[in-house]
Amino acid sequence: MIDIKYIRENPDVVRASQRGRGEDPTIVDQVLAADEIRRAAIVEFEALRAEQNIFSKSVGAAKGDEKIGLLERGKALSAQVKAADARRSEAETKSQALTLLLSNLLDPAAPIGGEEDFVVLEHIGTPRDFTKDGFEPKDHVELGKLLGAIDIERGAKVSGARFYYLTGVGALLEFALINYAISSAVKAGFIPIITPVLVKPPAMEGTGFLGQAAEDIFRLEKDDFYLVGTSEVPLAAFHMDEILNSEKLPLRYAGYSTCFRREAGAHGKDTRGIIRVHQFDKAEMFIFCKPEDAVAEHQRILQWEKEFLNAMEIPFRVIDVASGDLGSSATRKFDCEAWIPTQNAYREVTSASNCTEFQARRLNIRMKDGQNTKPVATLNGTLVAVPRTIVAILENHQNADGTVNVPKALQPFLGMTRFELV
RNA sequence: GGAGACGUCGCAUAGCCCGGUCGAGUGCGCCUCACUGCUAAUGAGGUAGACCCCUUAAAGGGUCUCGGGGGUUCAAAUCCCCCCGUCUCCGCCA
């Protein structure tokens, strides 16, 4: 949510941001109009209420006939207050609902455009030349089968399309990835945290996932729960309605959870393998910090992501995601995309978002800064999204016979240097 | 799943039966000041948030918040209803 005072004072900036995202700039004017009505309704209500408060006190002191007369007038006043309160409440609801429609302000540095208009910031590592190695790379589905690591057929049998089993070294690889990721994060000062995956609507709403992203969320209607699509949701909501001590900031959490995605609107996309699935595990960084530190924290998150991919010995590139593809909460987003040999393409494996005060305002997370309380900034970034990282490791580190070399960093966690055929 | 208790200003509690003098007492913690070589002790004062108006620099005025929502009433922490949460006991269970 954007500060209503900021919108009042800088409507053009907000309109420009909406336009840059390919979203409706006229919402700004609707918000401003609703805000006018809201404030007028508040003034009216509060004046009546003040009158009533004074009046009520005088009733307590009065006696006999005098009191009876006063009660008559009190009734009338009470009705007026009630009506004004109803108008106020309606105006506030409307104004709030409209304000929530606005996406976060764009960082002026973010490239403008749609999904394809990202800017490549850097390439790290070089894609392996399989021609030189003298063999055609197998894709992760085939490798997964040869190694007894991934069972897609049975995933489909039991749960349907986009489900899978990780078996044998596949399962071990997940544990190794998570262990390596979390222990690195803890060394870097993160607080490890395992989150709920079912959350109530306010948590979902607050993190900004019930807007245009709502289609991609599993919902348990009977119990009014959402299945989180990322632990960003329970991590952001962890401090919901709290006032944090600014001296304790930044608070850095490394969360681990399963993630659930409907992948609505992705029909036909990545239908093979485990690149795009309904359920996967992920370790996520989440940071609460002072707004003035957000840009630096964002860079730090990106740096940790790069270190992780380097440790996995995977070639990748970093992109500056374009305005139209940021989601409603991020002001700027960097993705790391790993080289996937059999697709001859870079594919997103991690993502780092700076949400400034947008989520914190929705979730009512503030800090005490001297005399003032004001919203904190929140940032999130992927440490490791398991299936896609497995894909990248298997495909990049495969040998001609289908065995796969284990990256050095993971060897202590796996107790092996190579995945053998089963 | 059954029975009961409870949810108050950082923490612990009072107030609820008998509605107005309660935005709310007390203790602890914390902050400021005083006193004292230092610390401790003692004394005095302070100690939530949101919003609106006015000015927009400060100050000031007002409204709301006693888990959440609704109702009764001129008036609700206090009475009534619903919801959420916590705890205790019993049963069941990873």
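All chains are named by letter (A, B, ...) in the order of the sequence lines, taking the proteins before the strands, and each is independently numbered beginning at 1.
- One can place CD of A:Glu46 at 15 Å from P of B:A50, the figure rounded to the nearest angstrom.
- When each of A:Thr389, A:Thr258, A:Thr350, A:Thr230 is paired with A:Lys282, the side-chain hydrogen bond (donor to acceptor under 3.5 Å, both in side chains) condition holds for A:Thr230 and for no other.
- Side-chain rings of A:Phe286 and A:Phe288 approach one another, their centers coming within less than 6.0 Å.
- Distance from the side chain of A:Phe55 is smallest to B:C74 among B:C74, B:U63, B:G49.
- Using atom C1' as the reference point in both B:U78 and B:G71, the two lie 15 Å apart (nearest Å).
- For B:G19, there is no paired base (Watson-Crick or G-U wobble, both distances below 3.5 Å).
- Judged by Watson-Crick or G-U wobble contacts below 3.5 Å, the nucleotide B:A77 has no partner.
- For A:Lys94, the NZ atom counts as loosely surrounded, since its 6.0 Å shell holds 12 or fewer non-hydrogen atoms of other residues, nucleotides or ligands.
- Across the P atoms, B:G7 and B:U13 are found 9 Å apart, a figure rounded to whole Å.
- Comparing A:Lys374 and A:Ser78 against RNA chain B, the residue whose closest nucleotide sits nearer the 5' end is A:Lys374.
- The phosphate of B:A75 has neither OP1 nor OP2 within less than 4.0 Å of any side-chain N or O from A:Asn53.
- Between A:Glu247 atom CD and B:C30 atom P there is a gap of 15 Å when expressed in whole angstrom units.
- For A:Ser56, whose side chain is taken as the heavy atoms from C-beta onward, the closest listed nucleotide among B:U72, B:G62, B:G20 is B:G20.
- Atoms CG (A:Leu363) and C1' (B:G49) sit 17 Å apart, rounded to a whole Å.
- Residue-level contact check: A:Lys200 touches neither bases nor backbone, having no heavy atom under 4.0 Å from any strand.
- When each of B:C52, B:U72, B:A50 is scored by its nearest atom to the side-chain atoms of A:Arg366, the top-ranked nucleotide is B:A50.
- Comparing B:G49, B:C52, B:U63 against the side chain of A:Arg39 picks out B:C52 as the nearest.
- As rounded to whole Å, 9 Å separates atom P of B:C64 from atom CG of A:Asp85.
- Under the 30°/60° scheme for interplanar angles, the aromatic rings of A:Phe413 and A:Tyr180 are found to stand perpendicular.
- Rounded to whole Å, atom C1' of B:G20 lies 15 Å from atom CD1 of A:Ile54.
- The residue among A:Ala76 and A:Lys5 whose nearest nucleotide of RNA chain B is located toward the 5' end is A:Lys5.
- When rounded to the nearest whole Å, the span between CD1 of A:Ile42 and P of B:C54 equals 13 Å.
- Counting any heavy atom pair closer than 4.0 Å across all strands shown, A:Arg38 reaches sugar-phosphate atoms only and no base atom.
- The gap from the C1' atom of B:U32 to that of B:G23 amounts to 24 Å, rounded to the nearest Å.
- A:Leu77 comes within 4.0 angstrom of nothing in the nucleic acid, heavy atoms only.
- Atom CZ of A:Arg261 is separated from atom CD of A:Gln279 by 12.5 Å, given to the nearest 0.5 angstrom.
- Atom C1' of B:C9 sits at a distance of 14 Å from the matching atom of B:G29, rounded to the whole Å.
- For A:Phe316 and A:Tyr346, the distance between ring centers is not under 6.0 angstrom.
- Taking atom P on both nucleotides, B:G62 is separated from B:A57 by 23 Å, rounded to a whole Å.
- Base pairing of B:C9: no nucleotide in any strand meets the Watson-Crick or G-U wobble criterion (both distances under 3.5 Å).
- For A:Phe175, the CZ atom sits in a loose shell: 12 or fewer heavy atoms of surrounding residues, nucleotides or ligands are nearer than 6.0 Å.
- Open room surrounds CZ on A:Arg154; 12 or fewer heavy atoms of other groups in view lie less than 6.0 Å from it.
- The distance between atom CZ of A:Arg87 and atom C1' of B:C52, rounded to the nearest whole Å, is 16 Å.
- Distances were taken from every side-chain heavy atom of A:Arg8 (C-beta onward) to each of B:C52, B:U72, B:U63; the shortest belongs to B:C52.
- A straight line from CG of A:Leu48 to P of B:C74 spans 17 Å, rounded to a whole angstrom.
- The A:Lys75 side chain lies nearest to B:C74 when the options are B:G49, B:C74, B:C52.
- Pairing of B:A48, defined by two Watson-Crick or G-U wobble distances under 3.5 Å, is identified with B:U65.
- Distance check on atom C1': B:G19 versus B:A77 gives 10 Å, rounded to whole Å.
- Separation of the C1' atoms belonging to B:G20 and B:A75 is 6 Å when rounded to the nearest angstrom.
- Side-chain proximity of A:Thr373 to B:A50, B:U63, B:C51: nearest is B:A50.
- Residue-level contact check: A:Gln52 touches the backbone only, with heavy atoms under 4.0 Å from sugar-phosphate atoms and none from bases.
- Comparing the C1' positions of B:A76 and B:G69 gives a spacing of 15 Å, expressed to the nearest Å.
- Pairing partner, B:G4: B:C87, with both Watson-Crick or wobble hydrogen-bond distances short of 3.5 Å.
- Closest to the side chain of A:Arg49, from the set B:U63, B:C52, B:A50, is B:U63.
- Judged by Watson-Crick or G-U wobble contacts below 3.5 Å, the nucleotide B:U42 has B:A34 as its partner.
- Considering only side-chain atoms of A:Val43, the nucleotide from B:U63, B:C74, B:C52 that sits closest is B:C52.
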